[in-house]
Amino acid sequence: MKLLGLSGSLRAVSTNTALLRAMQHEMPLGCRLDLHDQLGGLPIYNPDNEGERTPAAAARWNEAVCAADGLVISCPEYAHGIPGGLKNALDWLVSGPAAVGKPVMLVHASHRSLVSREALREVLRTMSFRIFAAPELEVPLLGKKLAEYATVLDDAKWRQAIANCLAGFVQFIRQD
């Protein structure tokens, strides 16, 4: 089973990306999590540029989503909203079948993203993603320095929480 991880943060040293990388090490047997790190390279969505005019980066993004069995999104909150890069990426999927019925799980590197979480869920529901409704994983990385990320993410408590969350999501996908 192939999952696609998306960080809503484009920062080089991102807590959201660090969380997704840690999740790669806790995947259930027979599953893998690939990180899609090209969201910043997508042009601004314009419906006039779909179909034959779809930019190559947008076509690759769409293909990656179609090829995945499910998505794992870790997203910060910017000004009480979804970061523009992630929203733009989702917009590139809006008029095709990639999102329809695609399982998606939200995970969080901060407790302070409550407003954007609901906004993101609304966008995902509107696009017909199938949202994993179990309690969302929230690992406290906010305010930590880069060297502290590994300390938190290597802690047995968090490794087990990550493994349990991923196992639940894989089971959710297999129910289809």
Side-chain angles (χ1 to χ4, degrees), residues 3-27 33-42 44-45 61 64-65 68-94 98-99 102-170 172-173:
L3 304 180
L4 184 63
L6 306 171
S7 176
S9 173
L10 300 180
R11 294 181 62 206
V13 180
S14 161
T15 56
N16 294 281
T17 304
L19 175 54
L20 290 169
R21 286 192 179 123
M23 293 179 84
Q24 289 179 304
H25 302 288
E26 304 301 330
M27 293 299 294
L33 175 65
D34 296 329
L35 301 187
H36 186 83
D37 60 359
Q38 302 299 311
L39 297 185
L42 288 172
I44 299 295
Y45 175 70
W61 159 238
V65 172
D69 294 301
L71 304 182
V72 179
I73 300 176
S74 184
C75 184
E77 179 171 292
Y78 294 164
H80 278 189
I82 303 167
L86 179 59
K87 179 62 170 79
N88 182 56
L90 293 172
D91 287 344
W92 276 109
L93 302 175
V94 80
K102 182 71 64 176
V104 63
M105 175 174 68
L106 303 180
V107 298
H108 311 283
S110 168
H111 65 281
R112 294 196 321 194
S113 59
L114 297 177
V115 175
S116 67
R117 290 180 197 191
E118 193 50 45
L120 182 55
R121 277 189 219 97
E122 177 62 20
V123 168
L124 296 171
R125 275 191 298 271
T126 300
M127 294 177 68
S128 299
F129 277 95
R130 197 165 63 95
I131 302 171
F132 181 51
E136 294 174 3
L137 177 68
E138 185 180 289
V139 180
L141 295 177
L142 181 69
K144 305 274 192 281
K145 293 181 176 20
L146 177 61
E148 297 172 303
Y149 293 179
T151 302
V152 172
L153 293 167
D154 285 340
D155 183 279
K157 168 186 153 186
W158 291 114
R159 290 183 65 193
Q160 187 62 55
I162 290 168
N164 291 345
C165 184
L166 286 165
F169 185 51
V170 166
F172 173 76
I173 293 170

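Everything numeric in this text was worked out from a predicted model, so none of it was measured.
Between the side chain of Arg130 and the backbone N or O of Phe172, at least one donor-acceptor pair lies under 3.5 Å.
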**OP:** Could you go through the side-chain contact (heavy atoms from CB on, under 4.5 Å) check for Lys157 and Gln160 one step at a time?
**Re:** CA-CA 5 Å; Lys157 168 186 153 186; Gln160 187 62 55; over 6 Å; no
**OP:** Go through Asn16 and Ser74 one step at a time and tell me if the side-chain hydrogen bond (donor to acceptor under 3.5 Å, both in side chains) criterion holds.
**Re:** CA-CA 5 Å; Asn16 294 281; Ser74 184; 2.8 Å; yes
**OP:** Could you give me the CA-CA distance, side-chain angles and deciding distance for Leu6 and Trp61, then say whether side-chain contact (heavy atoms from CB on, under 4.5 Å) is met?
**Re:** CA-CA 11 Å; Leu6 306 171; Trp61 159 238; 3.3 Å; yes
Original post:
For Ile73 and Met105, what are the C-alpha separation, side-chain angles and deciding distance, and is it a side-chain contact (heavy atoms from CB on, under 4.5 Å)?
Top reply: CA-CA 6 Å; Ile73 300 176; Met105 175 174 68; over 6 Å; no
Subject >> side-chain contact (heavy atoms from CB on, under 4.5 Å) assessment of Asp34 paired with Leu3 >> reply: CA-CA 6 Å; Asp34 296 329; Leu3 304 180; over 6 Å; no
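Tyr45 and Trp92 have perpendicular rings, their planes meeting at more than 60° on a 0 to 90° scale where under 30° would count as parallel.
The closest side-chain heavy-atom distance from Leu90 to Phe129 is below 4.5 Å. Between Thr15 and Leu142 there is no side-chain heavy-atom pair separated by less than 4.5 Å. Two residues are said to be in side-chain contact when any heavy atoms from C-beta on lie closer than 4.5 Å; Asp37 and Leu10 fail this criterion.
Taking the charged nitrogens against the carboxylate oxygens, Arg125 and Glu122 do have a contact shorter than 4.0 Å, which makes a salt bridge. Taking a cutoff of 4.0 Å between a charged side-chain nitrogen and a carboxylate oxygen, Arg159 and Asp155 do not qualify as a salt bridge.
Residues His108 and Glu136 have side chains that bring a donor and an acceptor to within less than 3.5 angstrom of each other.
Within a 6.0 Å radius of CZ in Arg112, other residues, nucleotides and ligands contribute 12 heavy atoms or fewer. Annotation for Arg21: atom CZ does not count as buried by contact number, only 12 or fewer foreign heavy atoms lying within 6.0 Å.
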